[in-house]
A.B. asks: 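Structure provided below as structure tokens; questions to follow.
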Protein chains: 2
Amino acid sequence: MAGGVGSRFWPVSTPDNPKQFHDMLGTGESLIQQTFNRLSSLIPAEQILIATNQRYKDLVMEHLPEVTENQVLLEPAMRNTAPCILYSALKIADQNSEAVMIVAPSDHYIENEAEFVRNVKSAFDTCQKNDLLMTLGIKPTGPNTGYGYIQFEDDGEEVKKVKNFTEKPDLKTAEKFLAQGDYLWNAGIFIWSVKSILDSFKKSLPEMCALFEAGASYWNSDREAGFISENYPEAENISIDYGIMEKAANVYVMATDFGWNDLGTWGSLYDKLDKDENANAIVNASGYFLDAKNNMISTKGDKKIVVAGINDYIIVETDDTIMIYPKSEEQNIKEVSKVAENRFAKG
Amino acid sequence: MAGGVGSRFWPVSTPDNPKQFHDMLGTGESLIQQTFNRLSSLIPAEQILIATNQRYKDLVMEHLPEVTENQVLLEPAMRNTAPCILYSALKIADQNSEAVMIVAPSDHYIENEAEFVRNVKSAFDTCQKNDLLMTLGIKPTGPNTGYGYIQFEDDGEEVKKVKNFTEKPDLKTAEKFLAQGDYLWNAGIFIWSVKSILDSFKKSLPEMCALFEAGASYWNSDREAGFISENYPEAENISIDYGIMEKAANVYVMATDFGWNDLGTWGSLYDKLDKDENANAIVNASGYFLDAKNNMISTKGDKKIVVAGINDYIIVETDDTIMIYPKSEEQNIKEVSKVAENRFAKG
């Protein structure tokens, strides 16, 4: 899934060029390239589908030159995750009705790739043998209020039955969840057989199924794109969590611990990066810091940067914009970026 | 005079491309272009000489495409102001022994150009008729410790005899000077006849005169450059103030008030620029400021800049560098730039 806009990563991430297409970590690879390469060790590259918005087609082809056009699912409109997952499940089932699939966001951080691969292989195995919907749950490292939580029935197994999903909680609730010990973070990574997920769609979202059913003879043909561009916008705008997972009875979670982060904000990126001796994290830049600590620095094209007397700031430079913003207020960046772009447009 | 390095204006001003060749004020003209145009209203453009370091020859020709090579005096080594002024006086005298000349830095700010022109015309007139060395003194607007001071004998005239020169004083001394009322700032702008200044050089710096005397038949010929490049480095490294003005008996100062600033630091540039409603000065950029006041902003190529919670800072971006530095510590920028460049060079 590579259709998000990543608006809290402004000014690097913009609606024209969102964060999955940027080398946010300074590794030399964009997030979508990292994700594609990570999945390639589990799945033949030609079997990886990329679901994205129509406007990002060229960016996907540029970042993943090895994929064919048939691997890129172009959403003509943003309709949240349920329609795009149904679309991809139908397309995969058309190629192999016995397939097991993984759904994963293209813009997350995963520290321990080997552990991730081990978990997913085990989940593939379980889902091949069982009619269930599996989600990867992350062992919480703190009462993060930016993530969704999954409560499970503790039967001592690695794969546990899900009791319920909770959207981003307040701090008090998150602390209670951690104390209780039967909660995991919802990473938005799902594994299931196409058979199981299509069954669930039929039960929980029958209208959406009927809409896509009309395209049954077009999947993986040159008529697929035309059908999608005409019918996809008619699909209900609903998430897979709300539309399927919270309703289905066969939902399980695998407790994992591969160092996951949704890279939702500059602060979450900062948390995952190596730091210098003053706890400054520097991406694509050379820094000289004087009485300046805990800053998140990112520039375009390896700029030299001198910072004096500034602490706990996000300092980001792109081709056309510089932002100097306190980390503690990063939740406002989305809003600030809108006001700023509007002002700058007026000149 | 366009040979300075302007090291406190780093990172815009660098040894490879110092501040006189930059549009520091965001007017569309570099400082040297502004100075050349200002003087062109007093002096035919083909009679303006530009003294600069050899390495800046191409920059001078690029910024002032109307000047001929014979108008550009190339110093093969930095020898302070006395040798370059002697060289130019000899070159002018070779063309017209009755000439009156003005010596002016290429990188200063002058607010009231009409007043400046009026003062210089009056000084030209005085120097044509009298054997004296005239300096323009600026009525102080505060006890600035970054400028030299000139004490005069108060005879009520616009042109006053100079009692003595004082280098940059400490604050207490500067306050005393202002209270006394018989001190002016030394702008480093001089007017005199070539006859008067050459007489003074003969008296005060006879060795330097002898060195250049050997080139007498080469001025304004194709042998001038070769002679200079061989002999100029032998000249004493000494300022016109120390070598001539502090010794001569016929030194006068004209009290002027044309809104002068030596543009020595980012703070002095800030003082002279228009400000937005939060007292931020912005050159070549569009700004959006949230709880951010009194900042000096300059970017390359009209960047958009968002600044939150930062006050009294210098925020400067160039093609390869960003500096975020407190205005109150700007006197350290020269030193910081050296350490920074050294670090960055090591990678």
Side-chain angles (χ1 to χ4, degrees), chain A residues 10-12 14 266 276-277 280 282 284-292 295 297-347, chain B residues 10-12 14 266 276-277 280 282 284-292 295 297-347:
Chain A
W10 189 85
V12 166
T14 63
W266 286 109
D276 72 3
E277 66 276 20
N280 295 300
I282 308 156
N284 292 328
S286 308
Y288 176 38
F289 298 92
L290 293 141
D291 182 27
N295 297 294
I297 313 281
S298 170
T299 78
K300 182 87 184 176
D302 286 320
K303 280 208 164 178
K304 299 174 273 188
I305 179 159
V306 174
V307 181
I310 305 271
N311 301 295
D312 300 294
Y313 259 72
I314 301 160
I315 301 171
V316 179
E317 184 246 13
T318 68
D319 279 337
D320 62 1
T321 304
I322 297 171
M323 182 186 74
I324 305 174
Y325 205 83
K327 232 196 288 164
S328 59
E329 294 173 35
E330 64 171 8
Q331 298 298 338
N332 301 330
I333 288 176
K334 182 177 176 174
E335 192 52 36
V336 163
S337 77
K338 282 184 196 161
V339 180
E341 292 284 13
N342 202 16
R343 282 208 181 196
F344 294 141
K346 287 182 187 154
Chain B
W10 189 85
V12 166
T14 63
W266 286 108
D276 73 1
E277 66 276 21
N280 295 299
I282 308 155
N284 291 328
S286 307
Y288 176 38
F289 298 93
L290 294 141
D291 183 27
N295 297 293
I297 313 281
S298 169
T299 79
K300 182 88 182 176
D302 287 320
K303 279 210 166 176
K304 298 174 276 186
I305 179 160
V306 174
V307 181
I310 305 271
N311 300 295
D312 300 293
Y313 259 72
I314 301 160
I315 301 172
V316 180
E317 184 246 13
T318 68
D319 278 336
D320 62 2
T321 304
I322 297 171
M323 182 187 73
I324 304 174
Y325 204 84
K327 232 193 291 164
S328 60
E329 293 172 36
E330 65 172 7
Q331 298 298 337
N332 300 330
I333 287 177
K334 181 177 178 172
E335 191 54 35
V336 164
S337 77
K338 281 184 196 162
V339 180
E341 292 284 13
N342 203 16
R343 283 208 180 196
F344 295 139
K346 284 180 190 158

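Just so we're on the same page: letters track the sequence lines, and every chain starts at 1. Owing to the predicted nature of the structure, the values given are computational and were not obtained by experimental measurement.
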A.B. asks: Please tell me if the side chains of Tyr325(A) and Leu290(B) come closer than 4.5 Å, counting only heavy atoms from C-beta onward.
C.D. replies: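 Side chain of Tyr325(A) against side chain of Leu290(B), heavy atoms only: contact under 4.5 Å found.
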A.B. asks: So which heavy atom on Ala340(B) is nearest to which on Tyr288(A), and how close?
C.D. replies: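 Heavy-atom minimum between the residues: CB-CD2, 3.5 Å.
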A.B. asks: Check each atom of Ser337(B) against the heavy atoms of chain A and say whether the ones under 4.5 Å are side chain, backbone, both or neither.
C.D. replies: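 When you check distances to chain A, no heavy atom of Ser337(B) falls under 4.5 Å.
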A.B. asks: Hey, could you give me each pair passing salt bridge (Lys or Arg N to Asp or Glu O under 4.0 Å) that has a residue in residues 321-338 of chain A? Not counting sequence neighbours.
C.D. replies: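 Every pair satisfying salt bridge (Lys or Arg N to Asp or Glu O under 4.0 Å) with a residue in residues 321-338 of chain A: there are none.
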A.B. asks: Do Ile322(A) and Val306(B) have side-chain heavy atoms sitting under 4.5 Å apart?
C.D. replies: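 No, side chains not in contact.
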A.B. asks: Taking atom CZ of Phe344(A) and atom CD1 of Ile305(B), what is their separation to the nearest 0.5 Å?
C.D. replies: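 These two atoms lie 8.5 Å from each other.
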A.B. asks: So, Lys304(B) and Asp320(A), do they make that salt bridge, N to O below 4.0 Å?
C.D. replies: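 Yes, charged N to carboxylate O under 4.0 Å.
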A.B. asks: Output the distance between atom CG (Asp319(A)) and atom NZ (Lys303(B)), rounded to the nearest 0.5 Å.
C.D. replies: 6.5 Å
A.B. asks: By a 4.5 Å heavy-atom criterion (distance strictly below it), what part of Val316(B) contacts chain A: side chain, backbone, both, or neither?
C.D. replies: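 Neither; nothing under 4.5 Å.
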